[in-house]
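To keep things clear, I will list the structure first and then write my remarks on it.
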Amino acid sequence: MKIGVYPGTFDPTTNGHLDIITRSSQMVDELIVGVLHNSKKQPLFSVEERIEMLRTTTAHLPNVKIKAFSGLLIDFVNQNNAFLIIRGLRAITDFEFELQMAQTNYNLDSNIETVFLATNVQYSFLSSSVVKEVAQFQGHVENFVPPIVAEKLWEKFKK
Ligand code: PNS
């Protein structure tokens, strides 16, 4: 069975994330979305909230599982018997960090490969940070995130 891992912070899930999840779930038998727990970043949503948003919005994809992880990504990948790390690439600005991460992970374990999916051009500007910034000032995020995430953002930022 071919198992892939799509890791991230997902604070919160965007339509860009869902596009990568949908497309990469067709490339493997099972896709595990790994939600980073102990990020250096201070997330807006707890790991439980981030997992719930991902579970709800991927419920229609039978081979997708959502799990939290902390520590090294490569350990999480091995613990789940996965062989592939999937990351989305939006623009050249993503490339330096993504390349460094892929090369670090390959150095840690050369049995695990990283593949990049080019983000759908309609989401190439989109990031969780931009979504939070817009939502913070009561801007419209309905085109950027699924309805349930828009609701959660509204709850977080309502005065
Ligand atoms: O959504 P993000 O914030 O871009 O995801 C980054 C993530 C979670 C994939 C990355 O920070 C990560 O893998 N963290 C785990 C720690 C680790 O394994 N570091 C070594 C590789 S750089």
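First listed ligand is number 1; within each ligand, the first listed atom is number 1. We use all heavy atoms of the structure for the numbers below, so side chains are in, but hydrogens, waters and symmetry mates are not.
- Annotation: Phe97 places no N or O atom under 3.5 Å from an N or O atom of ligand 1; distance criterion only.
- Remark: Glu49 engages Lys156 in a salt bridge, criterion side-chain N to carboxylate O under 4.0 Å.
- The distance from ligand 1 to the heavy atoms of Met101 drops below 4.0 Å at these ligand atoms: 9 (C), 10 (C), 21 (C), 22 (S).
- Taking distance alone, with nitrogen or oxygen atoms compared against 3.5 Å, Arg87 approaches ligand 1 more closely than that limit.
- Counting heavy atoms under 4.0 Å from ligand 1, residue Leu36 touches it through the side chain alone.
- Within the 4.0 Å heavy-atom cutoff, Gly34 does not count among the residues contacting ligand 1.
- Outside the 6.0 Å centre-distance limit, the rings of His37 and Phe69 are not counted as a close aromatic pair.
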### Message
Assess the residue pair Tyr106 and Glu113 against the criterion (side chain to side chain contact (heavy atoms under 4.5 Å, CB included)); give the C-alpha distance rounded to whole Å, side-chain angles, the decisive distance to 0.1 Å, and a yes or no.
### Response
CA-CA 7 Å; Tyr106 189 78; Glu113 292 288 353; 3.9 Å; yes
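- Listed by atom number, the atoms of ligand 1 under 4.0 Å from Gly71 heavy atoms are 15 (C), 16 (C).
- Residues Asp29 and Asn63 bring no donor and acceptor atom of their side chains to less than 3.5 Å of each other.
- If you look at Gln100 next to ligand 1, there are no close heavy atoms at all, none under 4.0 Å.
- Under the 4.0 Å criterion applied to side-chain N and carboxylate O atoms, Glu30 and Lys2 are not assigned as salt-bridge partners.
- Residue Asn105 touches ligand 1 through its side chain alone, judged by heavy-atom distances below 4.0 Å.
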### Message
Between Asp11 and Lys132, does the salt bridge (Lys or Arg N to Asp or Glu O under 4.0 Å) criterion hold? Intermediate values first, please.
### Response
CA-CA 9 Å; Asp11 185 41; Lys132 282 181 282 191; 2.8 Å; yes
